[in-house]
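Report on one structure; see the data block that follows.
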There are 2 protein chains.
Amino acid sequence: MHGYELHQHLTETTGLRLVWRIKQSQLYALLTRLEERGYLSTTLETQEARPPRKIHTLTPAGRSALEAWLRTPVPRGRDFRLEFLAKVYFARQQDQTTLHELLTAQECIFDKWLAELQNTLDTLDPTSYEALVYHFRVGQVQAMLTWLKELKAIEPGK
Amino acid sequence: MHGYELHQHLTETTGLRLVWRIKQSQLYALLTRLEERGYLSTTLETQEARPPRKIHTLTPAGRSALEAWLRTPVPRGRDFRLEFLAKVYFARQQDQTTLHELLTAQECIFDKWLAELQNTLDTLDPTSYEALVYHFRVGQVQAMLTWLKELKAIEPGK
DNA sequence: CCCTTATACTCATTAAATAAGTAATCAAGC
DNA sequence: GCTTGATTACTTATTTAATGAGTATAAGGG
């Protein structure tokens with residue numbers, strides 16, 4: 001796909017735009033960076049009377065980086081809203097197994113984190129600011145965990 | 001306070017560092033920006049054999065901007081984790097009324113947002129990616145709302 | 001015929017964040 | 001007594017992300 005077309009997909013067609021919005025100029029910059037890093041190869045498709053299209057294709061390195069990325073859960077809660085939901089977007093387009101494994105891996109990470117949070121919360125003065133922050137985090141992680149579980153239940157499982 | 005001291009407070013003493021971490025160089029940059037915008041006034045305190053301290057004081061404009069900021073709820077959920085929790089940090093140092101009003105205002109905004117989310121969720125194909133994203137958001141907002149309510153109940157409220 | 005919209009990409013600028021440095025003092029250790 | 005390392009206080013350079021605006025051309029609509 002060339003940059004222009006890709007941008008159209010991202011702003012119109014795709015559901016991905018719900019979680020990941022990018023301006024045109026930023027996308028172009030991103031594409032050249034991805035090429036520099038060897039994830040994309042680019043060929044020019046000249047047209048008469050229009051600027052030539054840069055057709056970008058995933059290199060083998062690019063494809064395997066993508067595959068790896070989309071199987072890896074995110075380490076921190078703050079990456080969930082954007083990055084993890086993007087992973088889910090792509091994982092759903094692969095087989096259901098990929099999605100299931102992603103969800104389970106993420107659940108596992110959050111289970112551990114939740115336990116840690118609960119632990120430190122217990123050590124804190126319940127009237128302190130710290131306690132209030134930890135209490136908030138516990139709530140957020142719990143919400144993410146129930147969402148993960150519900151999604152696993154809904155999806156036409158493996 | 002001068003920049004160095006402020007940075008020490010932010011990395012050691014304060015509970016604020018739980019939600020808001022800043023590198024030294026970034027803090028200095030921020031302070032000069034705040035001065036440029038008229039929120040801080042700066043005086044030099046020369047010492048022998050040490051670089052002079054820049055003592056920063058809130059201008060009236062700065063103080064009132066702070067007051068306004070800390071009474072204003074955040075418009076979007078993604079600003080909650082960092083910005084809203086910071087507001088709570090400062091609001092707790094004022095009288096309890098300020099905190100209570102902040103919490104209530106935020107609750108009000110999220111109530112409306114939740115209703116909107118529920119509405120659009122109903123119109124969506126439940127197997128679509130969009131539905132899944134909205135479902136997630138509903139969960140997050142609900143978690144924030146219960147946290148807000150619990151905090152209101154706990155604080156020695158007016 | 002003029003004005004808008006679509007096509008396709010570029011460039012300049014601002015803003016945010018990190019890393020790394022400076023240069024002097026003081027305390028402690030071998 | 002000489003080095004090592006921590007403390008004080010602020011600077012500078014570099015990278016990265018993000019925004020905004022701009023270019024040039026052609027097709028389509030009133």
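Numbers restart at 1 for each chain; the letters A, B, ... are given by sequence-line order, proteins then strands.
- Taking atom NE2 of A/H56 as the reference point, atom C1' of C/dA8 lies 11 Å away to the nearest angstrom.
- If you check D/dC10, D/dT7, C/dT7 against the side chain of A/R50, the one that comes closest is C/dT7.
- The nearest whole Å value for the distance from the CZ atom in A/R21 to the C1' atom in D/dT19 is 16 Å.
- The phosphate of D/dT11 has OP1 or OP2 within less than 4.0 Å of a side-chain N or O from B/K54.
- For D/dA18, its base never sits under 3.5 Å from the side chain of A/S25 at any donor and acceptor pair.
- A straight line from NE2 of B/H7 to P of D/dT11 spans 15 Å, rounded to a whole angstrom.
- When each of D/dT19, C/dC9, C/dA16 is scored by its nearest atom to the side-chain atoms of B/Q26, the top-ranked nucleotide is C/dA16.
- A salt bridge links B/K152 with B/E107: at least one charged nitrogen is closer than 4.0 Å to a carboxylate oxygen.
- Across all strands, A/E45 comes closer than 4.0 Å to no nucleic acid atom at all (heavy-atom distances).
- For the pair B/R71 and B/E67, the salt-bridge criterion is met [side-chain N within less than 4.0 Å of a carboxylate O].
- Taking side-chain N and O atoms only, B/Y4 has a distance below 4.0 Å to OP1 or OP2 of D/dT8.
- You'll find the ring centres of B/Y28 and B/Y4 outside the 6.0 Å limit.
- Checking A/R37 against B/P52, the closest nucleotide of DNA chain D that is more toward the 5' end is the one next to B/P52.
- When the P atom of C/dA6 is taken as reference, atom CD of A/Q8 falls 9 Å away, rounded to whole Å.
- The phosphate of D/dC10 (OP1 or OP2) has no side-chain N or O of B/K23 nearer than 4.0 angstrom.
- Atom CG in B/L31 sits about 15 Å away from atom P in D/dA9, given to the nearest Å.
- Separating the CG atom of A/L30 from the P atom of D/dA18 is a distance of 10 Å, rounded to the nearest angstrom.
- For A/Y28, a side-chain nitrogen or oxygen approaches OP1 or OP2 of C/dC9 to under 4.0 Å.
- At the heavy-atom level, B/Q47 lies under 4.0 Å from the strands shown only through sugar-phosphate atoms.
- Residues B/I22 and B/P51 each lie close to DNA chain C; by heavy-atom proximity, the contact nearer the 5' end of the strand is made by B/I22.
- The residue A/H2 sits close only to the backbone: its heavy atoms come under 4.0 Å of sugar-phosphate atoms, none of a base.
- A/R53 places its CZ atom 8 Å from the P atom of C/dC9, with the value rounded to the nearest Å.
- Remark: B/R33 is in phosphate contact with C/dA16, judged by side-chain N or O atoms under 4.0 Å from OP1 or OP2.
- Side chain of A/T98 to backbone of A/Q94: no donor-acceptor contact under 3.5 angstrom is found.
- Note on ring orientation: taking the six-membered ring where Trp is involved, the planes of B/F110 and B/W113 are tilted (angle from 30° to 60°).
- Side-chain contact between B/E45 and B/K54 is absent, with no heavy-atom pair separated by less than 4.5 Å.
- With rounding to whole Å, B/L27 atom CG is found 14 Å from D/dA9 atom P.
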